[in-house]
Amino acid sequence: MTLVAGVDSSTQSCKVVIRDAETGALVREGRASHPDGTEVDPAAWSAALETAIDAAGGLSDVAAVAVGGQQHGMVCLDAEGEVVRPALLWNDTRSAQAATDLIAELGPGETGRRAWADAVGLVPVASFTVTKLRWLAEHEPANAERTAAVCLPHDWLTWKLAGASGLDALVTDRGDASGTGYWSTHTNEYRPDLLERAFGRTPVLPRVLGPAEQAGTVAGGALGAAGGALLGPGTGDNAAAALGINAEPGDVVLSIGTSGVVSTVSSTPSADPSGTVAGFADATGNYLPLVVTLNAARVLDATARLLGVDHEELSRLALTAPAGSGGLVVVPYLEGERTPDRPRSTGALHGLTLATSDPAHLARAAVEGLLCGLADGLEAIAALGNPVRRVFLVGGGARSEAVRRLAPAVLGVPVLVPPPGEYVADGAARQAAWVLAGGSTPPVWPATSIEVFEADPVPFVRERYAEVRDMTADRV
Ligand SMILES: Nc1ncnc2c1ncn2[C@@H]1O[C@H](COP(=O)(O)OP(=O)(O)O)[C@@H](O)[C@H]1O
Ligand SMILES: O=C(CO)[C@@H](O)[C@H](O)COP(=O)(O)O
């Protein structure tokens with residue numbers, strides 16, 4: 001049996017799956033936690049990857065490996081390849097003003113937004129790497145000066161696995177490059193002019209590999225791994241999830257992890273000047289228009305904490321309250337928000353009455369608030385002309401029964417739930433198998449069983465949410 005490994009280095013943890021390259025059958029897996037915070041030393045990711053590889057039984061019998069990772073994180077390296085400062089993650093909002101400035105520099109109002117969307121497929125928000133680089137240039141000029149190369153979390157881990165042999169060895173792929181804000185989905189090339197505008201100069205950037213292009217081999221002893229396995233180009237976690245689910249045009253993947261994601265595979269690049277839909281690339285040569293919220297599974301974590309219950313009880317409580325939670329609405333902007341663009345916002349609770357002041361109503365309102373944000377995302381994806389034929393629900397939040405049962409009601413469409421699993425790591429493993437096998441399309445692995453959840457639509461839940469979602473206080 002030939003084995004391949006896939007890695008998901010995501011916000012809260014690192015997961016490794018080892019699968020049969022031919023059938024896709026799961027053979028072993030391992031995981032390790034990442035530290036909290038929106039600013040993280042990349043050494044924590046390599047340590048977690050080392051632990052997760054170990055927990056998965058090592059890589060000595062594995063023929064190929066690929067890394068999927070949280071997108072956009074700014075990893076700055078000096079001329080010797082040392083990390084200059086902790087990475088700023090996708091959910092760090094300190095570069096919100098930089099985003100506003102960069103948009104205005106390409107033209108006032110709509111003109112600037114359209115110019116960015118036409119240039120790179122997205123309109124800057126604090127999440128994107130380009131805004132973090134502007135923030136660095138403005139606020140930490142000494143660190144900016146020391147920065148010789150910039151890469152993303154998955155690029156850095158791939159480079160470490162390959163032995164970190166010099167900045168010229170850095171590689172990435174279209175999927176993750178398309179989330180930087182200085183790589184164009186329209187031309188398949190970097191836009192050094194935009195990077196120079198943001199950062200003042202163009203540091204070394206990872207070479208962008210094709211979807212199944214080899215990225216070298218794992219170096220013996222790198223992150224404690226046995227050497228020799230082929231390395232895939234890796235990709236961003238959302239592109240990896242699409243590959244893991246085998247999403248095709250017309251399929252929408254809804255992921256409730258640290259971020260809430262609504263994405264779809266498309267054969268054409270998108271450019272949404274409103275900035276709601278980010279026009280990324282996928283990991284197969286197609287495109288991945290997507291809407292992302294900063295607040296997803298952690299809204300459930302926070303509500304469970306508030307109520308002093310575990311996830312199972314939170315779900316049970318939510319399912320005992322009525323649809324619409326008697327008018328109680330949780331606006332879930334606990335970390336600020338990216339879609340809609342409210343980086344300085346806080347969460348809010350609206351509609352408290354004596355009747356709604358109990359744990360069940362709060363639990364239900366939290367699940368509904370989270371789903372309303374994703375329903376807005378689904379609507380935006382569809383409004384750009386993307387067909388919505390099937391909607392898949394994945395991510396840690398999909399383990400909640402209340403989420404699975406309320407999603408079709410709030411979204412107004414049936415929801416397909418594959419078994420709980422690590423679909424990002426699976427997608428990376430499938431990419432590794434593709435690199436090994438070669439060819440123009442990834443190997444076909446048998447589809448997993450799917451549970452279909454259906455419910456009568458409850459449009460009044462979204463209507464009530466829309467009434468109050470902009471009534472929030474700013475952070476102090
Ligand atoms: N049964 C559950 N119900 C609700 N949320 C859950 C459940 N199990 C895990 N989670 C949450 O899912 C999140 C982790 O999901 P995951 O998709 O792995 O995130 P990420 O990829 O961003 O690290 C955590 O916030 C965790 O608390
Ligand atoms: O910012 C985005 C995508 O644009 C996020 O989806 C990150 O890629 C983090 O993903 P998770 O850790 O939540 O899976």
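Predicted model only: the values in this text are computed from it and were never measured. First listed ligand is number 1; within each ligand, the first listed atom is number 1.
- Residue-level proximity to ligand 2 for Asn91 is absent, since no heavy atom of it falls below 4.0 angstrom.
- From the protein, the heavy atom lying nearest to atom 22 (O) of ligand 1 is Thr258 OG1, 2.4 Å.
- Judged as a side-chain hydrogen bond (donor to acceptor under 3.5 Å, both in side chains), the pairs with a partner in residues 405-417 (not counting sequence neighbours) are, in order, Glu401-Arg405.
- Counting only heavy atoms of the protein, atom 25 (O) of ligand 1 lies nearest to Asp301 OD2, 2.6 Å.
- The residue from Thr11, Leu89, Asp237, Val292 that puts a heavy atom closest to atom 14 (O) of ligand 2 is Asp237.
- The closest approach between Arg338 and ligand 2 falls below 4.0 Å for a heavy atom of the residue.
- Under the 3.5 Å distance criterion, with hydrogens and angles disregarded, a donor-acceptor pair is assigned to the side chains of Asp173 and Thr235.
- Contact annotation for Val424 and ligand 2: no heavy atom of the residue comes within less than 4.0 Å of the ligand.
- Within ligand 1, the atoms closer than 4.0 Å to a non-hydrogen atom of Ser400 are 3 (N), 4 (C), numbered from 1 in the order shown.
- The part of Lys15 lying near ligand 1 is the side chain, judged by heavy-atom distances below 4.0 Å.
- Taking only non-hydrogen atoms, the option from Gln71, Arg298, His72 nearest to atom 7 (C) of ligand 2 is Gln71.
- In this structure, atom 24 (C) of ligand 1 lies nearest to the protein heavy atom Gln12 NE2, 3.5 Å.
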